[in-house]
Chemist: 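If you scroll down you'll find the structure; I have some questions about it.
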Protein chains: 2
Amino acid sequence: MQPPLEPCSRQLAAARQALSQAEIVCQQRGVRLTQLRRRVLEIIWHHSSPLGAYAILDVLRNDGRQGAPPTVYRALDFLLEQGLIHRLASLNMFMGCRQPGAHHSGQFLICQDCGQADELNNQTVEATLHTEAMARHFEVLAQTVEVLGRCLDCQEASRHGD
Amino acid sequence: MQPPLEPCSRQLAAARQALSQAEIVCQQRGVRLTQLRRRVLEIIWHHSSPLGAYAILDVLRNDGRQGAPPTVYRALDFLLEQGLIHRLASLNMFMGCRQPGAHHSGQFLICQDCGQADELNNQTVEATLHTEAMARHFEVLAQTVEVLGRCLDCQEASRHGD
DNA sequence: TATCTATTGTTATAGAATAACATCGAATGA
DNA sequence: TCATTCGATGTTATTCTATAACAATAGATA
Ligand SMILES: [Zn+2]
Ligand SMILES: [Zn+2]
Ligand SMILES: [Zn+2]
Ligand SMILES: [Zn+2]
């Protein structure tokens with residue numbers, strides 16, 4: 001897995017957009033996007049791949065801010081509740097959501113080589129799982145759908161590398 | 001979440017069946033289902049709901065066997081490799097597979113109240129995720145599909161409990 | 001038997017998440 | 001303006017999950 005890169009201009013733009021969207025969403029809902037929460041969201045968006053809580057904590061400490069695990073986990077809980085980020089259970093990592101506002105579970109393609117993750121929102125997958133659950137009288141509250149594999153870039157890299 | 005129950009006769013029967021199937025599968029593949037591995041598989045099947053690694057370790061120590069986390073994690077790794085158990089990423093727990101022999105990812109309905117989990121093998125879900133991945137030139141290696149919710153029993157229990 | 005390899009034992013540590021309590025700060029009302 | 005209140009953050013300690021590294025043992029092989 002490649003080391004975390006400095007944010008490129010595309011990422012910085014995505015982060016700016018995500019942050020301004022988050023401001024709007026939070027204002028509409030009457031919840032506070034505090035400095036800390038905003039900074040955690042920014043850190044996540046500045047990174048090219050999902051980040052672990054302790055990696056986020058390292059960046060916060062690098063900022064000069066004091067903090068401990070609860071600091072970052074509380075911010076992450078808030079962002080999860082507001083649907084601004086997703087948690088990847090198979091990685092214990094967090095990534096930004098590009099369609100906040102409407103809560104959803106999403107599905108994720110995770111590259112095992114470069115660590116990058118792509119969000120899908122396939123209605124067939126979600127609906128089929130709901131149907132299967134209903135057939136068993138099972139009440140669905142949340143879905144975790146994560147596909148581990150290799151992205152195109154990493155497939156090509158490994159072909160040329162061999 | 002209810003406390004772990006003693007295995008009922010249905011569970012004991014399921015465990016016996018799973019263990020004899022495991023013996024066959026391992027013999028066919030020329031891998032060794034040792035005492036330890038067999039016992040860990042048995043512990044998992046004797047339990048009504050998915051078990052964590054440290055809960056399994058407690059049972060092993062209760063057996064009188066000495067052991068530490070690597071003991072149980074190595075056995076779990078073996079059982080996972082042979083497709084005899086599944087790992088639930090959203091719970092950090094392990095459960096037996098009722099269709100071993102053919103490797104598969106499966107989908108899981110997990111009850112947040114009683115902790116029980118049901119395995120599905122819905123081809124539509126799997127195929128749709130493959131199609132979505134292919135459209136993005138993403139090579140699929142494994143799928144994690146877990147649905148959190150409430151089973152029928154727990155829905156009724158909560159209705160009567162209120 | 002002697003040797004080799006897979007398995008298990010053992011100690012220590014890394015990594016992820018939360019409990020419990022103290023402190024701070026923004027908003028509200030007197 | 002000041003006091004109060006409640007949400008947010010700081011702080012310490014602990015629990016839970018998982019692995020690294022090396023030693024000892026047991027099964028298979030020659
Ligand atoms: Zn999303
Ligand atoms: Zn990649
Ligand atoms: Zn299965
Ligand atoms: Zn239940």
Side-chain angles (χ1 to χ4, degrees), chain A residues 1 4 22 26-27 29-41 43-44 49-82 84-95 112 115 144 146, chain B residues 1 3-4 22 26-27 29-41 43-44 49-61 63-82 84-95 112 115 144 146:
Chain A
M1 177 126 27
C26 289
Q27 191 162 13
R29 293 181 189 158
V31 294
R32 293 172 51 204
L33 187 64
T34 61
Q35 284 294 107
L36 174 65
R37 292 164 174 173
R38 190 187 157 84
R39 178 65 181 133
V40 169
L41 185 58
I43 290 167
I44 289 171
S49 54
L51 266 178
Y54 282 71
I56 294 168
L57 182 56
D58 285 343
V59 179
L60 284 177
R61 284 175 169 157
N62 230 36
D63 284 356
R65 180 191 288 270
Q66 69 249 88
T71 307
V72 62
Y73 277 105
R74 283 190 290 230
L76 290 169
D77 285 344
F78 172 85
L79 297 171
L80 284 169
E81 273 166 26
Q82 300 305 322
L84 298 169
I85 61 172
H86 292 287
R87 178 170 187 274
L88 302 180
S90 61
L91 299 180
N92 296 325
M93 286 183 171
F94 303 84
M95 65 180 284
Q112 68 170 10
T144 297
E146 298 171 20
Chain B
M1 181 125 30
C26 289
Q27 192 163 12
R29 292 180 190 159
V31 295
R32 293 171 52 205
L33 187 63
T34 61
Q35 283 294 108
L36 173 66
R37 291 164 175 173
R38 189 187 156 82
R39 178 63 180 135
V40 168
L41 185 58
I43 291 167
I44 289 171
S49 55
L51 267 177
Y54 282 71
I56 295 168
L57 183 56
D58 285 343
V59 178
L60 284 178
R61 284 175 169 156
D63 284 356
R65 180 192 287 271
Q66 68 252 88
T71 307
V72 62
Y73 277 105
R74 284 189 289 230
L76 290 169
D77 286 343
F78 172 85
L79 297 171
L80 285 169
E81 273 166 25
Q82 299 305 322
L84 298 169
I85 61 172
H86 292 288
R87 178 170 188 275
L88 301 181
S90 61
L91 298 179
N92 296 325
M93 286 182 172
F94 303 85
M95 66 181 285
Q112 68 170 10
T144 298
E146 298 171 20

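A note on names: the letters A, B, ... follow the listed sequences, proteins ahead of strands, and every chain is numbered from 1.
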Chemist: For A:Asp63 and D:dG10, give me the distance from atom CG to atom C1', rounded to whole Å.
Modeler: 16 Å
Chemist: Under the rule for salt bridge (Lys or Arg N to Asp or Glu O under 4.0 Å), what residues qualify as partners of B:Arg38, not counting sequence neighbours?
Modeler: B:Glu23
Chemist: At 10 degrees resolution, what angle do the end axes of the helix from C:dT1-D:dA30 to C:dA30-D:dT1 form when each is taken over five base pairs?
Modeler: 20°
Chemist: Specify the separation, in whole Å, of atom CG of A:Leu51 and atom P of C:dG15.
Modeler: 15 Å
Chemist: For B:Asp63, what residues pass the salt bridge (Lys or Arg N to Asp or Glu O under 4.0 Å) criterion, not counting sequence neighbours?
Modeler: B:Arg39
Chemist: Considering residues at least two apart in sequence or located in another chain, which fulfil the side-chain hydrogen bond (donor to acceptor under 3.5 Å, both in side chains) criterion with B:Thr71?
Modeler: none
Chemist: Using nucleotides 6-8 of chain C, report all nitrogen or oxygen pairs with the protein that are shorter than 3.5 Å.
Modeler:
residue	atom	partner	partner atom	Å
C:dT7	OP1	B:Arg37	NH1	3.3
C:dT7	O5'	B:Arg37	NH2	3.3
C:dT8	OP1	B:Thr34	OG1	2.4

Chemist: Does any non-hydrogen side-chain atom of A:Val40 lie less than 4.5 Å from one of A:Arg37?
Modeler: no
Chemist: Can you list every side chain to side chain donor-acceptor pair (under 3.5 Å) pair that touches residues 85-94 of chain A, not counting sequence neighbours?
Modeler: A:His86-A:His104, A:His86-A:Glu119, A:Arg87-A:Asn92, A:Ser90-A:Glu146
Chemist: Would you give the length of the straight line joining atom CG of A:Leu51 to atom CG of A:Asp58, rounded to the nearest 0.5 angstrom?
Modeler: 10.0 Å
Chemist: For B:Arg74, what residues pass the side-chain contact (heavy atoms from CB on, under 4.5 Å) criterion, not counting sequence neighbours?
Modeler: B:Pro70
Chemist: Report the distance from atom CG of A:Leu76 to atom C1' of D:dA8, rounded to the nearest whole Å.
Modeler: 15 Å
Chemist: Got a sec, which residues hit side-chain contact (heavy atoms from CB on, under 4.5 Å) with A:Ala53, two or more places apart in sequence or on another chain?
Modeler: A:Val72, A:Tyr73, A:Leu76, A:Phe94
Chemist: Taking only residues two or more places apart in sequence or in another chain, which ones pass side-chain hydrogen bond (donor to acceptor under 3.5 Å, both in side chains) with B:Arg61?
Modeler: none
Chemist: Can you sort out the partners of B:Arg32 under side-chain hydrogen bond (donor to acceptor under 3.5 Å, both in side chains), two or more places apart, ordered by chain and number?
Modeler: none
Chemist: Which protein N or O atoms sit under 3.5 Å from an N or O of nucleotides 12-20 of chain D?
Modeler:
residue	atom	partner	partner atom	Å
D:dA18	OP1	B:Arg87	NE	3.3
D:dA18	OP1	B:Arg87	NH2	2.2
D:dA18	OP2	B:Tyr73	OH	2.8
D:dA18	O5'	B:Tyr73	OH	3.3
D:dA18	N7	B:Tyr54	OH	2.6
D:dA18	N6	B:Tyr54	OH	3.3

